[in-house]
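Only one structure is covered here, and it is reproduced in the block below.
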Protein chains: 4
Amino acid sequence: MELGLVGLGRMGGNMRERIRAAGHTVVGYALDPDVTDVPTLAELVSRLSAPRAVWVMVPSGEPTRATIAELAELLEPGDVVVDGGNSRFTDDAKHAELLAAKNIGYVDCGVSGGVWGRENGYGLMVGGDASDVERLIPIFDALRPEGDRDEGFVHAGGVGAGHYAKMVHNGIEYGLMQAYAEGFELLEASDVVSDVEGVLKAWSKGTVVRSWLLDLLVDALEDDPGLSKLTGYVDDSGEGRWTVEEAIRLSVPAPVITAALFARFASRQDDSPAMRAVAALRQQFGGHAIRA
Amino acid sequence: MELGLVGLGRMGGNMRERIRAAGHTVVGYALDPDVTDVPTLAELVSRLSAPRAVWVMVPSGEPTRATIAELAELLEPGDVVVDGGNSRFTDDAKHAELLAAKNIGYVDCGVSGGVWGRENGYGLMVGGDASDVERLIPIFDALRPEGDRDEGFVHAGGVGAGHYAKMVHNGIEYGLMQAYAEGFELLEASDVVSDVEGVLKAWSKGTVVRSWLLDLLVDALEDDPGLSKLTGYVDDSGEGRWTVEEAIRLSVPAPVITAALFARFASRQDDSPAMRAVAALRQQFGGHAIRA
Amino acid sequence: MELGLVGLGRMGGNMRERIRAAGHTVVGYALDPDVTDVPTLAELVSRLSAPRAVWVMVPSGEPTRATIAELAELLEPGDVVVDGGNSRFTDDAKHAELLAAKNIGYVDCGVSGGVWGRENGYGLMVGGDASDVERLIPIFDALRPEGDRDEGFVHAGGVGAGHYAKMVHNGIEYGLMQAYAEGFELLEASDVVSDVEGVLKAWSKGTVVRSWLLDLLVDALEDDPGLSKLTGYVDDSGEGRWTVEEAIRLSVPAPVITAALFARFASRQDDSPAMRAVAALRQQFGGHAIRA
Amino acid sequence: MELGLVGLGRMGGNMRERIRAAGHTVVGYALDPDVTDVPTLAELVSRLSAPRAVWVMVPSGEPTRATIAELAELLEPGDVVVDGGNSRFTDDAKHAELLAAKNIGYVDCGVSGGVWGRENGYGLMVGGDASDVERLIPIFDALRPEGDRDEGFVHAGGVGAGHYAKMVHNGIEYGLMQAYAEGFELLEASDVVSDVEGVLKAWSKGTVVRSWLLDLLVDALEDDPGLSKLTGYVDDSGEGRWTVEEAIRLSVPAPVITAALFARFASRQDDSPAMRAVAALRQQFGGHAIRA
């Protein structure tokens with residue numbers, strides 16, 4: 001089938017190739033003239049036969065909102081838009097409403113797999129009306145990993161459910177990474193184990209902790225034993241925060257995911273104001289030494 | 001080669017079969033007359049040709065200590081003992097010393113893989129002298145998963161390193177399980193996602209969070225959607241506690257692993273004394289309602 | 001001076017008495033005919049001389065919003081409204097804007113002290129324009145504890161700053177209570193200390209942990225040793241959630257305040273879905289016993 | 001009465017003065033010739049009339065063990081030794097046993113109050129046999145704050161109970177300090193509140209969070225607004241670790257105390273190995289930027 005694809009960055013560019021490799025027609029649009037297939041979004045729309053399907057793969061927030069608003073002007077009743085970016089699930093209802101006013105369908109799709117997705121396929125979590133989702137199955141099948149559809153794809157619920165599932169996926173991801181990271185630090189800190197890299201690699205098969213993330217950590221340690229070329233500074237792109245906010249909203253204890261989020265925050269601080277306060281208190285009551 | 005195997009429970013029994021399937025001779029000993037190959041530990045020793053190798057696979061603590069002490073009496077110089085149970089790494093030096101006094105070698109081996117190990121192979125983390133470890137390679141090769149040796153086996157360091165690596169492995173395991181569990185609870189609590197089981201299954205391939213533990217959770221949810229047949233009561237067998245104790249000893253922050261451990265503790269409380277204190281305080285200062 | 005006071009519940013009723021005891025005139029309004037001074041809000045307004053000051057002390061959210069909207073209709077340019085309830089600081093800008101459109105001033109005031117405030121005085125944190133705050137100083141002086149004004153009162157900043165400071169105050173309060181609560185549980189759990197109530201009482205003077213909350217816990221333990229008449233079920237009224245949400249917004253690690261919040265969430269669960277998932281996983285990989 | 005006092009540092013020196021001010025005779029011994037009253041421990045013992053009481057106030061661990069061992073040689077049946085230092089409660093049984101072999105009594109005493117104790121009195125938590133404790137009441141009364149005995153002193157239980165109570169006291173202290181510290185950081189991070197120091201000072205009276213620690217934080221902020229003269233580096237002297245270890249031993253969830261402990265560990269790290277691992281993982285799967 002034909003697909004318009006807006007956004008050809010690290011994710012979108014790879015997805016274009018994977019969809020084309022499956023035999024579909026992709027008209028890609030990006031600001032970068034070196035990668036775009038068409039000069040304008042209008043031209044992208046005009047190149048597709050109705051009913052059209054346009055996949056938006058741009059940064060969440062304003063870029064996604066602006067793109068969908070523009071598509072609302074350009075598309076026609078019966079077309080469908082997919083937001084495959086990392087939008088907050090609360091944005092989806094607004095996008096769906098905007099498009100529904102023009103009888104344009106809307107599907108949100110959480111996409112996992114990172115730079116490996118082109119080769120391995122992407123895990124897809126989809127929200128929206130069944131009729132809209134159905135039309136896009138050929139594209140979903142092209143993007144997802146080979147094998148049974150339900151092992152790499154889910155129609156999780158109505159509008160917003162795809163991004164919601166992706167948000168929780170990323171919250172879990174924070175916790176998983178932090179768990180391995182704490183174990184790694186402990187092995188490094190102790191002198192009992194002399195082959196830390198070897199231990200992590202030996203966990204690759206047969207153990208309870210084997211996973212794709214572990215495989216990646218083993219790869220990273222082979223490239224850079226001790227990870228000495230890196231600094232322990234970790235950004236976040238929002239999903240972890242949203243997950244904790246949802247946990248708070250729903251009164252769900254989420255100590256592990258939250259601890260992983262806070263560890264990232266702390267990693268970005270050169271000096272902690274809170275710990276200055278604790279140091280000040282210890283000096284006040286105990287005359288304990290402080291560091292100026 | 002020949003191996004004596006003491007302890008034929010859920011783990012030891014399966015290991016006997018896997019080692020035998022690889023063509024080795026295993027003489028197993030257990031208290032249960034229905035599963036043991038020999039009536040006494042002395043008989044097990046006498047059935048093996050020197051230099052002997054005896055694998056101990058009994059509960060950690062007193063059972064392991066007693067078995068090793070008995071083996072110290074029965075074995076001869078040049079023999080080697082493997083503790084494959086979940087002993088605390090601090091026990092290993094004592095066991096090694098006891099045996100070294102009789103010129104008997106000692107190797108500690110952390111074994112991961114649970115009830116699936118018989119089929120998939122076990123992940124092995126080994127500590128001890130190189131000469132002792134070398135002699136046992138045929139057994140380790142029989143137990144570990146197929147493929148490259150270093151993806152399912154490591155000689156992690158001197159005596160204690162194997163159990164240390166296994167301890168950290170289990171600490172990580174606590175964190176991983178809790179991360180998935182929090183995500184599961186959040187998905188269940190929200191009404192945005194209507195197909196929670198489907199979402200977890202769709203993470204099986206292509207996603208960043210794919211792992212063997214996820215596969216098991218998917219299996220559990222297929223058997224019992226919503227996990228309604230279970231109670232949220234979780235025991236622990238010690239390694240998580242030891243991991244946190246090591247983190248404290250080495251001044252390593254381990255918030256995720258510790259949160260997972262405390263979540264287990266809390267799961268076993270019918271009523272929390274701490275939360276009674278908080279409720280009492282709120283009643284005292286604010287006249288907030290309490291539950292009797 | 002004269003003050004209109006809307007809301008005469010546990011907090012408002014006590015405040016009316018404390019302000020009157022300081023020699024001011026308070027016209028109180030509440031829905032309950034047994035406690036109200038006037039039958040309607042319009043009557044309250046008509047009883048006050050311009051420029052009027054009206055203090056709103058009703059539940060946060062819709063009740064506060066509705067009251068302020070009604071006052072915006074009834075009051076005149078030059079009057080001032082104080083929101084002394086537990087509103088989220090983000091509501092303050094909306095209330096201020098609504099009133100400013102009619103040239104009515106707005107001040108937000110966080111009030112701490114609970115049921116003890118009538119006797120001890122209330123801690124006050126105020127946000128708003130200096131001119132509005134100045135006019136209300138006689139009322140603030142009546143409400144705050146005796147002694148230096150800056151030890152029980154602060155003009156913390158512009159509109160919203162008072163509720164913001166109160167929000168953080170309550171977040172800290174969660175952490176403090178949980179710290180004492182964990183210590184209490186530990187003392188109860190151990191058999192080393194035989195006089196737990198005595199230990200807490202002995203902390204009342206001279207120690208680093210002495211505080212008003214500790215005094216309240218000692219009182220509670222004198223009334224009910226072991227706190228056996230209570231259930232460990234703890235509600236929350238929102239400020240703790242908002243504090244953590246702000247920590248997330250500002251990338252500030254807040255592990256202690258968040259742990260205290262999650263402990264409350266967990267206290268309300270009869271059975272934890274997350275721990276069912278962990279139990280299911282342990283059963284899957286290890287054949288560990290579960291509780292049905 | 002007469003008291004021998006071994007150790008005249010920050011704590012011991014002040015205690016000597018407070019006990020003397022209450023009319024008792026104190027013979028102090030310290031290595032520093034400028035502060036000691038006697039040249040040797042033997043001389044200290046010879047200066048006291050039997051039955052003697054000797055208070056040990058030296059660093060925990062080896063210094064305390066060595067002092068008590070020496071006293072066991074020098075003292076006579078019927079004498080009593082008090083360990084007032086910050087020993088781990090598990091040391092007390094050993095000390096008591098050593099001394100009991102010579103019919104010398106033993107009392108452990110947790111002492112709180114820091115450098116302010118000389119003026120305010122010290123909070124005292126005592127463990128030991130009633131007969132030993134009784135004899136020392138005049139000294140306890142001299143040290144504790146004025147007022148009712150049970151508000152600054154407790155005979156908490158048998159040998160070890162005093163240090164146990166002090167350990168838990170310090171664990172709570174960690175949590176309290178971290179709670180205030182997180183609130184302080186949040187206030188500093190937000191631009192809603194313009195007078196952070198004023199807010200903390202305004203909490204001094206009337207509020208739920210008022211406490212002695214808060215007063216100290218207010219003092220510290222008056223000396224150094226923003227605490228800019230300090231670095232956020234916080235040591236620990238052991239009791240927090242022991243508290244968490246006890247929580248683990250007794251299966252008591254202690255998320256707040258533990259979070260406070262881990263925040264201290266993190267404060268001492270220039271770069272976090274764990275966060276290097278998380279950064280490495282993000283780079284591996286997502287091509288996310290890292291910092292070298």
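Keep in mind that the numbers below use all heavy atoms, side chains included, and drop hydrogens, waters and symmetry copies. Just so it is clear: chains get the letters A, B, ... in the order the sequence lines come, proteins before strands, and each one is counted from 1.
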Does some side-chain heavy atom of A:Pro253 sit less than 4.5 Å from a side-chain heavy atom of C:Arg264? no

Non-hydrogen side-chain atoms of A:Val252 and C:Phe265 separated by less than 4.5 Å: no

Using a 6.0 Å cut-off, check whether atom [atom1] of [X] has over 12 heavy atoms from anything other than its own residue.
X        : atom1 : value
A:Glu222 : CD    : yes
A:Arg291 : CZ    : no
C:Trp116 : CH2   : no

Which bit of [X] comes within less than 4.5 Å of chain A, counting heavy atoms only: side chain, backbone, both or neither?
X        : value
C:Ala274 : neither
C:Ala266 : both
C:Leu281 : neither

Of C:Ala259, C:Ala254, C:Gly286, the largest count of non-hydrogen pairs under 4.5 angstrom with chain A goes to C:Ala254

Measuring heavy-atom distances to chain C, does A:Ala263 have an atom under 4.5 Å in its side chain, in its backbone, in both, or in neither? neither

Flag for A:Arg241-C:Ser251: side-chain donor and acceptor within less than 3.5 Å: yes

Which distance, rounded to the nearest 0.5 Å, do you find between the CZ of A:Phe262 and the CD1 of C:Ile248? 5.5 Å

